[in-house]
*Asks:* 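Got a structure here, written out as structure tokens. Questions coming.
Just so it is clear, the structure is predicted and the values come from calculations on it, not from any experiment. Chain naming here is simple, since letters A, B, ... match the order of the sequence lines and numbering starts at 1 in each.
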2 protein chains.
Amino acid sequence: MSIFHHKKEISVQTIRRLPQYLRIFYNLHAYGRELVSSTALAEETQLLPIVIKKDLQSVGAPSKLRAGFKVAGTIAVIEKFLGWNNLNKAFLVGVGHLGAALLGFDGFKNHGLEIVAAFDTHPEKVGNALHGVRVYHTAQLAGVIEKENLKIAILTVPAAAAQGITDTLVAAGIKAIWNFAPVNLTVPAGVIVQKEDISSGLAELCAKLKSR
Amino acid sequence: MSIFHHKKEISVQTIRRLPQYLRIFYNLHAYGRELVSSTALAEETQLLPIVIKKDLQSVGAPSKLRAGFKVAGTIAVIEKFLGWNNLNKAFLVGVGHLGAALLGFDGFKNHGLEIVAAFDTHPEKVGNALHGVRVYHTAQLAGVIEKENLKIAILTVPAAAAQGITDTLVAAGIKAIWNFAPVNLTVPAGVIVQKEDISSGLAELCAKLKSR
DNA sequence: AAAATATAGATATCAAAATATCTATAAAGA
DNA sequence: TCTTTATAGATATTTTGATATCTATATTTT
């Protein structure tokens, strides 16, 4: 056996399930539950108990033998793993239908995200505030990013505009882009792009519908 | 060798990539391109050529040796596979920020979906039209579903209301629910639920950010 | 005409993820 | 006290998906 400890890699799929667990654990905590077993969680999530067990073990969730996982402690390790124990300042580019909806979503505070600014090019939007977030003109992007030292961008612009704005964001030192535009962005190594595309989910649904 | 032909199973991941291919093929078609190779597509999508090749082969995309896949023919097979070659009537329940944004998204016409009605409980929304879609009171759900023979529901209500409405939908004969509420719905076998959860994507992004 | 090349097509290998099985133990019940 | 049981913990197996390699061939180049 090696004397080196290999840091256990946590799979992407596990990471994607963590928010779901977190939501349930928040509820349990609010109801005063201190322990919950993987079998109980399995009913709630419709996942297999063993999937949940392995997911929680992999982030180091504390447990009590024969009793389940500790609610408060598990919340703490998941939040810490995701960095959701303190808020990251972020901003949004493109105040269209989707962008406005995201600005109105107050759940981000539970997800480590605080949207502190928005950007758009339409004169009737610039200068106003939407859901308490001020809308700047896109031309001011670089300045605001630098002044506020922002690292995370939420991109909700039309496909045609996405790459151009991305180049501006990268030049301004942005480290992560959450991309809702239906294009693949080209960025230098080191910049993280997380693509979101609901048409994938719709395709999955339609494929299931057809094969019945 | 068996005399039975085993219908090749198409993987979920392949299905989720199909809309992306379709978008690119629409563009190519608009520009008059008749053939495109997997290597060319790989640059555009940032996927490996072999992934694309296998994906397209698995839905039976027509090709020409040494030249690539046929643009028009590939569009046809993908659309057919997903059932996007003709419109499915759908409706939306919950005209909040997200629901309104989805109503305003006109791209659904390219995705085999036509939203013909919306439902909400707020008196100031009921009776109006939003983006050309009439908003009914949720109490009228069963009636409208039956009258219009609707099969696909888009659920954008708060978590607390989701299961109750789902029960109504199921009782009214709905076959598929595209669920944007952050809960796991319980439905009888045969009803398809496709869950959409952007917090998974955010978790992925945050995990990547932390591990740099 | 001959050689080189880029491609789909087919098959094989590898990696990731899900699932199953086994073990030890603390708690509950007889 | 003894037995049963539900659980986390650990390991093994299976399945799924991604990646690599090889082949045949139409096209292009020489």
Side-chain angles (χ1 to χ4, degrees), chain A residues 1-2 5-18 20-21 25 28 33-74 77-78 200 203-204 207-208 211, chain B residues 1-2 5-18 20-21 25 28 33-74 77-78 200 203-204 207-208 211:
Chain A
M1 206 213 308
S2 162
H5 294 266
H6 294 274
K7 199 192 287 175
K8 211 172 358 190
E9 264 309 318
I10 296 182
S11 84
V12 173
Q13 299 307 320
T14 295
I15 291 169
R16 293 182 62 88
R17 285 188 291 264
L18 292 178
Q20 188 181 358
Y21 300 140
F25 275 83
L28 293 169
R33 278 282 291 279
E34 294 186 352
L35 291 163
V36 63
S37 72
S38 59
T39 45
L41 290 168
E43 277 195 36
E44 180 76 18
T45 57
Q46 298 168 20
L47 297 168
L48 293 176
I50 196 165
V51 172
I52 296 165
K53 204 200 302 184
K54 280 190 61 173
D55 284 347
L56 295 180
Q57 283 177 354
S58 72
V59 291
S63 62
K64 202 178 159 193
L65 196 50
R66 221 205 90 103
F69 291 91
K70 298 178 182 175
V71 173
T74 301
V77 295
I78 295 178
S200 291
E204 223 181 311
K208 285 181 206 155
S211 68
Chain B
M1 208 213 309
S2 162
H5 295 265
H6 294 274
K7 198 192 288 175
K8 210 172 1 187
E9 266 308 320
I10 296 183
S11 84
V12 174
Q13 299 309 317
T14 295
I15 291 169
R16 294 183 61 89
R17 284 188 290 265
L18 291 178
Q20 188 183 356
Y21 301 140
F25 275 83
L28 293 169
R33 277 282 292 278
E34 295 187 352
L35 291 163
V36 64
S37 71
S38 58
T39 45
L41 290 167
E43 277 195 36
E44 180 75 18
T45 58
Q46 298 170 22
L47 298 167
L48 292 177
I50 195 163
V51 171
I52 297 166
K53 205 200 303 182
K54 279 191 60 175
D55 285 346
L56 295 179
Q57 283 177 353
S58 72
V59 291
S63 60
K64 201 178 160 194
L65 195 51
R66 220 206 90 107
F69 292 91
K70 297 179 184 175
V71 172
T74 301
V77 295
I78 295 178
S200 290
E204 222 181 314
K208 284 181 207 156
S211 67

*Asks:* I want to confirm an ordering. Mapping A:A67 and A:V51 to their closest nucleotides on DNA chain C, which one lands closer to the 5' end?
*Replies:* A:V51

*Asks:* Below 4.0 angstrom from OP1 or OP2 of D:dG9, is there any side-chain N or O of A:Q57?
*Replies:* yes

*Asks:* Rounded to the nearest Å, what distance is computed from the CG atom of residue B:L41 to the C1' atom of nucleotide C:dA6?
*Replies:* 15 Å

*Asks:* Separation of B:D55 atom CG from D:dT19 atom C1', in whole Å?
*Replies:* 13 Å

*Asks:* Calculate the interatomic distance between A:F69 atom CZ and D:dA8 atom C1'; express it in whole Å.
*Replies:* 6 Å

*Asks:* Run A:D55 and A:V59 through side-chain contact (heavy atoms from CB on, under 4.5 Å) and show every step you take.
*Replies:* CA-CA 7 Å; A:D55 284 347; A:V59 291; over 6 Å; no

*Asks:* Output yes when at least one side-chain N/O atom of B:S37 is less than 4.0 Å from OP1 or OP2 of C:dT7, else no.
*Replies:* yes

*Asks:* Is the number of heavy atoms from other residues, nucleotides or ligands under 6.0 Å of A:K64 NZ greater than 12?
*Replies:* no

*Asks:* Assign B:I50 to base, sugar-phosphate, or nothing according to its heavy-atom contacts below 4.0 angstrom with the strands shown.
*Replies:* base

*Asks:* Per the atom types in the model, does the base of C:dT5 pair as donor or acceptor with the side chain of B:R66 at under 3.5 Å?
*Replies:* yes

*Asks:* Within the structure shown, what part of the strands sits under 4.0 Å from B:T39 by heavy-atom distance: base, sugar-phosphate, or nothing?
*Replies:* sugar-phosphate

*Asks:* Which is true for A:R17 with a 4.0 Å heavy-atom rule: it touches a base, it touches only sugar-phosphate, or it touches nothing?
*Replies:* sugar-phosphate

*Asks:* Under 4.0 Å between a side-chain N/O of B:S38 and OP1 or OP2 of C:dT7, yes or no?
*Replies:* no

*Asks:* Between C:dG9 and B:S63, is there an OP1 or OP2 to side-chain N/O distance shorter than 4.0 Å?
*Replies:* yes

*Asks:* In whole Å, I'd like the distance from the CD atom of A:E34 to the C1' atom of D:dT7.
*Replies:* 18 Å

*Asks:* Give a yes or no on this: more than 12 heavy atoms of other residues, nucleotides or ligands lie within 6.0 Å of atom CD of A:Q46.
*Replies:* yes

*Asks:* Start with the C-alpha gap between B:V36 and B:Y21, add the side-chain angles, then the distance that decides, and say whether side-chain contact (heavy atoms from CB on, under 4.5 Å) holds.
*Replies:* CA-CA 11 Å; B:V36 64; B:Y21 301 140; over 6 Å; no

*Asks:* Report the distance from atom CG of B:L65 to atom P of D:dT25, rounded to the nearest whole Å.
*Replies:* 8 Å

*Asks:* Rounded off to whole Å, could you give me the NZ-to-C1' distance for the A:K54 and C:dA20 pair?
*Replies:* 11 Å

*Asks:* What is the distance, rounded to the nearest whole Å, between atom CG of A:L48 and atom P of D:dT15?
*Replies:* 15 Å

*Asks:* Between B:S58 and B:T14, which heavy-atom pair has the shortest distance, and what is it?
*Replies:* OG-CG2, 3.7 Å

*Asks:* Please give, in whole Å, the distance from D:dA6 P to A:I52 CD1?
*Replies:* 18 Å

*Asks:* With respect to the side chain of A:K53, which nucleotide from C:dA8, C:dA26, D:dA10 is positioned closest?
*Replies:* D:dA10

*Asks:* Report yes if a side-chain nitrogen or oxygen of B:K64 is closer than 4.0 Å to either non-bridging phosphate oxygen (OP1 or OP2) of D:dT27; otherwise report no.
*Replies:* yes

*Asks:* Using purine N1 to pyrimidine N3 plus N6-O4 or O6-N4 for Watson-Crick, or N1-O2 and O6-N3 for G-U wobble, each under 3.5 Å, what pairs with C:dA2?
*Replies:* D:dT29

